[in-house]
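Both backbone and side-chain heavy atoms feed into the values below; hydrogens, waters and symmetry mates do not. As the structure lists them, so they are numbered: ligands from 1, and atoms in each ligand from 1. Bear in mind the structure is a predicted one, so any value in this text is a computation, not a measurement.
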Amino acid sequence: MRRRICTALLALGLLALAGCQKAPEPVEFTTFAMDTVMNFTLYGEKKQAVDTVKPLLAGGVSALEKILSATEEGSDIARLNRRGTGGVGAETAEVLAKALELCEATGGALDITAYPAVKAWGFTQEEHRVPSPAELEALAEKIDYAAVKLEGGAVSLPEGVEMDLGAVAKGWAGDLLAEAVRANGISSALLDLGQSTITAVGAKPDGSPWRVGVVDPARPGACFAVVELEDMAMGTSGGYQRYFEQDGEIYWHILDPDTAAPARSGLASVTVASPSAFLCDGLSTALFVMGLEDGAQFWRDHPELDFEVVFVTEDGEIYRTAGLEGRFSLAEGYEDREVVVLE
Ligand code: AMP
Ligand code: MG
């Protein structure tokens with residue numbers, strides 16, 4: 001919610017800067033899906049295009065949730081988790097194939113079979129608990145995306161393996177919604193899918209890029225930086241987004257597939273910008289698990305994935321990749337912070 005306000009304030013600030021030039025009126029609306037509030041801002045000269053797209057956006061996200069959510073009882077994923085085998089629709093098969101590809105590319109830092117561990121920590125029902133070391137060891141053994149067999153629309157999972165697309169579903173939705181917006185002739189929109197997945201369609205109506213805030217993980221009510229986006233998406237994964245505290249220790253929802261426990265890589269948040277929202281979502285989770293050094297190396301090794309990153313360490317150090325030059329700036333109140341540029 002705070003993040004949304006952050007984005008809205010930045011957008012408003014820019015509108016004010018546009019000065020006397022009369023900007024078209026935005027159509028803004030909100031929907032609740034995927035466990036979060038989503039906020040859409042559309043600019044269209046043709047009211048009809050906006051009217052057509054509005055129900056598509058809200059309906060599109062909830063339709064996706066109905067097939068992809070592990071906690072939605074009738075979804076393809078929930079059914080597979082229950083039965084271990086079965087057929088899925090073309091869309092689920094496509095998301096699964098893309099997600100498994102990214103699990104592979106990230107060397108298993110992203111692993112869609114972390115679900116039994118996610119449940120054991122109580123993150124699905126928000127009934128949190130700390131599993132014992134023996135339990136974690138057993139859970140970690142079962143996390144293995146390579147064990148998922150996907151052939152056409154037929155999927156099978158070994159005993160005890162369950163899937164969860166929580167790390168990529170919002171990104172997938174972001175790309176689909178952006179496509180629907182463009183297909184209806186709207187060339188300027190900001191689709192905020194909540195919990196830090198945002199897709200910018202085109203630029204602002206005045207031609208300047210959208211300016212989106214990056215949340216300060218140490219003070220989630222504030223943004224420490226602004227990234228300019230034009231036909232780009234951005235996604236953030238951070239320990240501050242979902243966590244619980246027990247006996248003075250903080251446990252967050254991003255798990256290290258090797259240990260089945262919260263990933264403690266020294267990072268507080270990872271923000272990824274890319275033309276693909278799916279990549280932003282999946283890679284922000286994966287790079288959070290990898291940590292700064294391995295994450296930066298992954299960025300160097302994969303120019304073909306076309307993404308840029310902002311890392312914030314638990315000590316509050318800020319690192320950004322060189323490709324964000326000219327598109328990244330520190331926010332008001334953070335101007336004196338050092339930013340290390342990764343080459
Ligand atoms: P995100 O908020 O996009 O970083 O995704 C985190 C969500 O994905 C968690 O709430 C879990 O449901 C799931 N998850 C946690 N750790 C991982 C992981 N290493 N790989 C894939 N999914 C994960
Ligand atoms: Mg993610």
Side-chain angles (χ1 to χ4, degrees), residues 3 34-36 65 68-72 75 77-78 81 95-96 98-128 131 136 139-140 142-146 148 161-175 193-199 215 217 220 233-244 251-265 267-274 276-291 294-295 298 307 309 311-312:
R3 161 77 160 64
M34 296 187 172
D35 243 359
T36 187
E65 187 173 23
L68 299 182
S69 167
T71 53
E72 184 92 26
S75 80
I77 299 299
N81 286 344
V95 187
L96 270 179
K98 285 265 165 57
L100 289 169
E101 223 174 81
L102 200 55
C103 292
E104 170 94 28
T106 59
L110 181 77
D111 195 316
I112 58 167
T113 61
Y115 194 51
V118 174
K119 282 196 292 188
W121 285 92
F123 283 113
T124 44
Q125 305 301 327
E126 302 298 328
E127 285 167 9
H128 303 123
L136 287 177
L139 284 164
K142 290 284 185 187
I143 302 179
D144 180 14
Y145 70 88
V148 180
V161 174
E162 291 181 49
M163 299 182 296
D164 159 30
L165 294 170
V168 294
K170 278 200 193 73
W172 184 267
D175 287 332
L193 284 86
Q195 289 188 358
S196 299
T197 299
I198 195 154
T199 304
V215 171
M234 195 168 98
T236 299
S237 289
Y240 66 89
Q241 290 167 339
R242 269 172 84 186
Y243 63 89
F244 68 95
Y251 300 94
W252 50 67
H253 67 304
I254 304 168
L255 305 182
D256 182 340
D258 286 341
T259 62
R264 303 210 188 273
S265 61
L267 290 175
S269 78
V270 176
T271 298
V272 173
S274 154
S276 155
F278 174 78
L279 269 190
C280 290
D281 196 355
L283 285 181
S284 62
T285 309
L287 298 186
F288 187 94
V289 173
M290 286 184 205
D294 289 356
F298 183 87
F307 70 100
V309 195
F311 297 95
V312 181

Could you pull out all residues at least two apart from Phe123 that satisfy ring-ring contact (aromatic ring centres under 6.0 Å, His included)? His128, Phe244

Should Pro262 and Leu255 count as side-chain neighbours, where that means a heavy-atom distance under 4.5 Å? yes

Using the ring-ring contact (aromatic ring centres under 6.0 Å, His included) rule, pick out the option among Trp252, Tyr243, Tyr251 that qualifies with Trp121. Tyr251

Result for side-chain contact (heavy atoms from CB on, under 4.5 Å) between Val272 and one of Phe288, Phe311, Phe307 points to Phe307

May I ask you to say whether Glu162 pairs ionically with Lys142, meaning some side-chain N is under 4.0 Å from a carboxylate O? no

For Tyr115, what residues pass the ring-ring contact (aromatic ring centres under 6.0 Å, His included) criterion, not counting sequence neighbours? none

Nearer than 2.8 Å to the Mg ion (ligand 2), the protein contributes N, O or S atoms numbering 4

Would you say that Gln241 contacts Thr236 through its side chain, given a criterion of any heavy-atom pair below 4.5 Å between the two side chains? yes

For the residue pair Tyr145 and Glu101, establish whether any side-chain heavy-atom pair is separated by less than 4.5 Å. no

Taking any residue with a non-hydrogen atom under 4.0 angstrom from an atom of ligand 1, which ones do you get? Ala109, Leu110, Asp111, Val118, Asp164, Gly166, Ala167, Ser237, Arg242, His253, Ile254, Leu255, Pro257, Asp281, Thr285, Val289

Side-chain heavy-atom pair Asp175, Ser276 within 4.5 angstrom cut-off: yes

